[in-house]
*Asks:* 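If you scroll down you'll find the structure; I have some questions about it.
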Amino acid sequence: MPEPILDIENLTIEFSNYPVFKDLTLSLDVGEFLAVIGPNGAGKSCLVKAILGLLSPSSGSIRIGGKAPQNVPFDWIGYVPQVKSLDRTFPGLTQELVVTGLQKSWPWRIDKIQAFKAKAALERVGAGHLMNRSISQLSGGELQRIFLARCLVRQPRLILLDEPATGIDITLVSDMYQLLEEIRNDINASIVMVTHDMAAATYHADKVLLISPMGVHFGNAQDSLTEAHLRQAFGHRGHAHLMPTGSAHV
Amino acid sequence: MFEIFKEPFMQSALAAGIMIGILTGFYGVFVVQRSLSFLGNGLAYAAFSGIALALLLGQEPIWVSLPFTILVALGIIWLQDRTKLSADTAIGIFFAVSMALGVVFISMAHTYSVDSFNYLFGSILTVNNTDLIVTAVLLLASVLMWPLWGRWAYSTFDRELALADRVPVKRYDYILSILIAVTVVVATKIVGVVLIASFLVIPAATARLVSKSFTSMTVISILLGVITTFAGLMISYWVDMPSGAMMILAQAILFFIAMLFQRK
């Protein structure tokens with residue numbers, strides 16, 4: 001039995017002695033896709049930060065490929081932040097941003113090998129023509145693609161996405177999920193995605209984590225996103241049209 | 001026109017000025033992209049306070065001003081870390097306290113001399129060998145720190161992304177703050193306390209207007225720092241005006257020209 005890519009046991013995270021969530025336990029196998037769903041303030045971003053090693057848990061443990069987050073080599077994880085939070089005034093080129101996926105710094109200059117890899121990754125996500133574009137000129141959807149290329153060039157074991165659909169034109173969101181699936185197959189990466197998009201969670205994810213101040217539910221989509229759980233988490237049966245019972249599509 | 005280079009004081013001023021142009025141009029790109037324009041002011045008044053203390057104690061100003069300003073620079077980051085206050089609030093607190101201390105030291109020293117005016121607005125006559133050596137050492141240290149450019153640039157673009165890649169962002173921030181603090185101190189004599197902040201802002205801001213990449217922004221900012229310092233010193237010599245003011249007017253002219261040709 002291969003080691004799970006992500007193994008979380010009895011994880012509790014507190015903020016100023018106030019628990020964000022308690023006793024979270026989950027396990028994700030290599031190649032699996034986990035969607036993390038929950039109301040605002042439930043601790044979804046805290047979980048992402050804890051997996052990245054930026055936030056220390058109060059108790060419990062996180063293992064990524066058997067290692068503690070602080071000891072994981074930087075290129076094991078491909079982190080895709082929310083595009084709306086990025087500094088668009090920074091003078092950078094698209095290919096420079098992609099090359100940060102290969103090294104832990106902003107490139108002074110890009111050598112031939114790096115340029116080749118960046119070009120291949122950008123072409124893979126359909127953004128080869130944006131290679132020398134200034135990042136301040138990119139739309140939200142384009143920037144999201146560039147971040148996926150940055151992920152791809154790194155060949156990570158785990159792709160971590162924080163609300164990737166936020167700030168992107170709705171018509172581009174399904175393209176993005178399609179691309180994410182393809183990348184997952186290309187490099188056999190596992191995916192953890194924080195999202196508000198319940199349809200995407202149902203349609204694309206192998207496992208779903210529903211997280212709310214009322215408790216956590218982990219399992220496949222049908223088991224996690226039951227009406228009772230959603231009612232408990234969101235206080236109503238919202239998004240009923242996206243329930244997993246029908247033929248939900250993105 | 002070349003006879004001015006024969007004057008020993010002018011040789012010192014030019015050597016110091018060019019080094020300061022390189023240093024402020026280089027560090028300015030991080031100050032501008034991190035929206036820390038106020039940092040130059042905060043550190044300049046800390047330097048002023050250090051100078052006032054040195055005058056009170058009868059010491060060479062740079063040896064008091066240097067540790068004092070570094071302490072304030074570290075204090076600003078420490079305060080941010082400890083309290084979650086924003087950078088400009090932390091700088092604002094130290095800015096005011098530094099100025100108040102400076103006024104107290106000057107009042108105690110009872111030397112309201114021409115020295116104070118020189119330190120406030122810059123003078124090309126006051127650069128001595130100690131200043132030159134300290135500036136040269138800082139320049140050398142900055143060259144040795146060159147590999148950090150990419151790390152600083154990365155965390156300037158996105159701090160969280162750099163942290164997620166295990167870059168020791170906080171340690172590098174402390175190093176950057178110390179180097180900027182020392183830059184401010186060595187620039188005080190030529191540029192003056194009041195005007196030094198713009199040295200860390202205008203060349204880099206001008207470079208930003210015409211640059212597509214952070215690399216070209218850095219190179220252009222350094223070049224502008226050197227050119228405007230040189231031009232400012234020349235004009236200062238010819239029209240007998242404070243050097244800092246002349247340099248900043250030169251920077252401002254280039255800034256407005258760059259605005260006309262900026263890349264959108």
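The chains referred to below are lettered A, B, ... by the order of the sequence lines, with proteins before strands, and numbering in each begins at 1. Atoms considered below: every heavy atom in the structure, side chains included; atoms not considered: hydrogens, waters and symmetry mates.
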*Asks:* Residues in salt bridge (charged side-chain N to carboxylate O under 4.0 Å, His left out) with D75(A), at least two apart?
*Replies:*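 Once residues adjacent in sequence are excluded, D75(A) has no partner under the salt bridge (charged side-chain N to carboxylate O under 4.0 Å, His left out) criterion.
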
*Asks:* Is T218(B) in contact with chain A via its backbone, its side chain, both, or neither, using a 4.5 Å heavy-atom distance?
*Replies:*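 The side chain, not the backbone.
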
*Asks:* Grab the two heavy atoms, one from L54(A) and one from E160(B), that are nearest each other, plus how far apart they are.
*Replies:*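 Looking at all heavy atoms of both residues, the closest pair is CD1-CG, 3.8 Å.
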
*Asks:* Which distance, rounded to the nearest 0.5 Å, do you find between the OG of S105(A) and the CH2 of W152(B)?
*Replies:*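 Interatomic distance, S105(A) OG to W152(B) CH2, rounded to 0.5 Å: 12.5 Å.
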
*Asks:* Counting heavy-atom pairs under 4.5 Å to chain B, which of Q70(A), R154(A), Q103(A) comes out on top?
*Replies:*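 Heavy-atom pair counts peak at R154(A).
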
*Asks:* Tell me whether K212(B) contacts the main-chain N or O of R133(A) through its side chain, where contact means a donor paired with an acceptor under 3.5 Å.
*Replies:*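 Pair absent, no side-chain N/O of K212(B) close to backbone of R133(A).
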
*Asks:* Please report the interatomic distance OH(Y154(B)) to CG(L97(A)), rounded to the nearest 0.5 Å.
*Replies:*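 Here the rounded value is 8.0 Å.
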
*Asks:* Taking atom CG of L260(B) as the centre, report whether more than 12 heavy atoms of other residues, nucleotides or ligands fall under 6.0 Å from it.
*Replies:*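 Yes.
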
*Asks:* Calculate, to the nearest 0.5 Å, the distance between atoms OH and CG belonging to Y79(A) and L163(B) respectively.
*Replies:*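 If I round to the nearest 0.5 Å, the distance is 10.5 Å.
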
*Asks:* With rounding to the nearest 0.5 angstrom, report the CZ to OG1 distance, F157(B) to T100(A).
*Replies:*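 Going from CZ on F157(B) over to OG1 on T100(A), the span is 7.0 Å.
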
*Asks:* Would W149(B) and W106(A) count as a close aromatic pair, with their ring centres under 6.0 Å?
*Replies:*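 Ring-ring flag for W149(B)/W106(A): false, centres at least 6.0 Å apart.
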
*Asks:* What part of A162(B) gets within 4.5 angstrom of chain A, counting heavy atoms only: side chain, backbone, both, or neither?
*Replies:*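 Nothing of A162(B), per the 4.5 Å heavy-atom cut-off to chain A.
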
*Asks:* Between E96(A) and S213(B), is there a side-chain heavy-atom distance shorter than 4.5 Å?
*Replies:*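 Answer yes - side chains close enough.
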
*Asks:* R166(B): what forms a salt bridge (charged side-chain N to carboxylate O under 4.0 Å, His left out) with it, not counting sequence neighbours?
*Replies:*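 Counting only residues at least two positions away or on another chain, R166(B) forms no salt bridge (charged side-chain N to carboxylate O under 4.0 Å, His left out).
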
*Asks:* Can you see which heavy atom on T215(B) is nearest to which on P107(A), and at what distance?
*Replies:*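 Here T215(B) and P107(A) meet closest at OG1-O, 3.8 Å.
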
*Asks:* Do other residues, nucleotides or ligands put more than 12 heavy atoms under 6.0 Å from the NZ atom of K207(A)?
*Replies:*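 Counting other residues, nucleotides and ligands, NZ of K207(A) exceeds 12 neighbours.
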
*Asks:* Are D158(B) and R88(A) ion-paired here, with the side-chain N under 4.0 Å from a carboxylate O?
*Replies:*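 R88(A) and D158(B): not salt-bridged.
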
*Asks:* I want to check something: taking the side chain as every heavy atom from C-beta on, are W108(A) and W146(B) in contact at a cut-off of under 4.5 Å?
*Replies:*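 When only atoms from C-beta onward are counted, W146(B) and W108(A) do touch, with a gap below 4.5 Å.
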
*Asks:* Considering all heavy atoms of both residues, which atom of D165(B) and which atom of K104(A) are nearest to each other, and what is their separation?
*Replies:*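 Reported closest heavy-atom pair: O-CD, 2.9 Å.
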
*Asks:* Please test L161(B) against F147(A) for side chain to side chain contact (heavy atoms under 4.5 Å, CB included), starting from the C-alpha separation and ending with a verdict.
*Replies:* CA-CA 11 Å; L161(B) 219 50; F147(A) 265 102; 3.8 Å; yes

